[in-house]
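Lettering follows sequence order; numbering is per chain, from 1.
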Number of protein chains: 2
Amino acid sequence: MSLEKDASIRSEKLLHSFWHVNHCIRRIVQRTALENELTIPQYALLITLAPFEEMTQKQLGKATFFPKSTLSQAVEGLVQAELIQRNPVEDNRREMLLTLSDKGQLLYNKIQSQESSVLKAFELATDSLSEKQYDDLLTSQRQIITLLEEAIERGE
Amino acid sequence: MSLEKDASIRSEKLLHSFWHVNHCIRRIVQRTALENELTIPQYALLITLAPFEEMTQKQLGKATFFPKSTLSQAVEGLVQAELIQRNPVEDNRREMLLTLSDKGQLLYNKIQSQESSVLKAFELATDSLSEKQYDDLLTSQRQIITLLEEAIERGE
DNA sequence: TTCAAACAGTTCCATTACGAACAGTTCTAT
DNA sequence: ATAGAACTGTTCGTAATGGAACTGTTTGAA
């Protein structure tokens, strides 16, 4: 009994740790998104897309995990703001190819330079870890993700 | 330049890993919350409160990171559903002491037994890690949290 | 003592997020 | 060739979210 309880306390601590990190990320993202007059999904899309310069909407969905309705509206906003271009994919008219515009590239440069951005915060965090700590962290998280995804599948 | 780019790719990977874990957590929580006819905040409050049986609303806020408006409404819902009792703290009438009711305890037992709950999923995840992996993970994340919180403070 | 500031929680409301139904496109099997 | 299944993205309506202004309580300084 006491062993079971210990086990559940340990797992609750881990869950709480992730919950806490996530809270920090959301706060930082929200603030920096607002500073650049973007919504959170728009900001997330922009920093995901920018390093590749172009991606399909489908790929962006996979990378950011946003439900497609949210995705669609965020993309619409970015297109309206002329930060990205949206064109049907050459040989598959269902898919949309999203391309960073010059204006979008400029904004991304600005975002990258902002001291308070999530990107900068995570660079500091990454730098503070040793090579081994970093690798182990990613490995452990990879493992946890696999198990959580199994749990998701099991539940549906 | 190439070094800088490497550094930013490394940190983006880490950010994405956290984002991914978080997405899994939210999906599982959302499903299991719904199964028990609770909203996400209500579910989160319940599993946070239950191990302690009673907590002030303020403490729950600190533990779950919900903004107080969200907190207030989630608590109201739990009180309406008679899962918890809410009473002013003896010697400080500003604070509310929240106590798990018998009905709440019953629901929590049910939640704990559900194979698909976040709690179970995280128990599996915790079990899959070695002692050292677990400790290192928490240590690294603790370190990251500290840096992110500094970034938050810096930004406001 | 009294008044202002800090605090805990509530209420209100504008914004955001997301599921579900939908439209158009492509693939597959017959 | 064609029907139907699977897919990509859009639209719409509902519900959740969280900031700001509020009420009542406590603290502390003059």
If I take atom [atom1] in residue [X] and atom [atom2] in nucleotide [N], what distance separates them, rounded to the nearest angstrom?
X     : N     : atom1 : atom2 : value
B:M55 : C:dG9 : CE    : C1'   : 17 Å
B:E95 : C:dA6 : CD    : P     : 18 Å
B:R94 : C:dC7 : CZ    : P     : 8 Å

_For DNA chain D, the residues among residues 24-51 of chain A that have a non-hydrogen atom under 4.0 Å from it_ =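 DNA chain D contact set from residues 24-51 of chain A: A:Q30.
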By the salt bridge (Lys or Arg N to Asp or Glu O under 4.0 Å) test, which pairs, at least two apart or in different chains, include something from [range]?
range                       : answer
residues 34-43 of chain A   : A:R31-A:E35
residues 141-151 of chain A : none
residues 78-87 of chain B   : B:E76-B:R86
residues 99-119 of chain B  : B:E115-B:K120

Side-chain donor-acceptor distances from residues 49-65 of chain A under 3.5 Å, at least two apart:
{"residue": "A:T56", "atom": "OG1", "partner": "A:Q59", "partner atom": "N", "Å": "3.1"}
{"residue": "A:T56", "atom": "OG1", "partner": "A:Q59", "partner atom": "OE1", "Å": "3.3"}
{"residue": "A:Q59", "atom": "OE1", "partner": "A:T56", "partner atom": "N", "Å": "2.9"}
{"residue": "A:T64", "atom": "OG1", "partner": "A:L60", "partner atom": "O", "Å": "2.8"}

*For the pair A:H23 and A:H20, name the ring-plane relationship: parallel under 30°, tilted 30 to 60°, perpendicular over 60°.*
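The rings of A:H23 and A:H20 sit tilted, inter-plane angle from 30° to 60°.
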*Quick one: side chain to side chain donor-acceptor pair (under 3.5 Å) partners of B:T126, sequence neighbours excluded?*
none
*Reading 5' to 3' through nucleotides 10-15 of chain C, protein heavy-atom contacts under 4.0 Å coded B for base, S for sugar-phosphate only, - for none*: BBB---
*Which other residues end up in the same hydrophobic cluster as B:L34, if Ile, Leu, Val, Met, Phe, Trp and Tyr are linked when side-chain heavy atoms come under 4.5 Å apart?*
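The other cluster members (ILVMFWY side chains, heavy atoms under 4.5 Å, direct or chained): none.
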*If you link I, L, V, M, F, W and Y whenever their side-chain heavy atoms are under 4.5 Å apart, who else ends up in the same group as A:V89?*
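When side chains under 4.5 Å apart are linked, the cluster holding A:V89 also contains A:L97.
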*Within less than 4.0 Å of OP1 or OP2 of C:dT25, is there a side-chain N or O belonging to A:R93?*
yes
*Identify, with sequence neighbours excluded, every residue that meets side-chain contact (heavy atoms from CB on, under 4.5 Å) alongside B:A44.*
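Here the qualifying residues are A:W19, B:F66.
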_Distance under 4.0 Å to a non-hydrogen atom of chain A counts as contact; along DNA chain D, which nucleotides mark the start and end?_
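The contacted stretch runs from D:dA6 to D:dG19.
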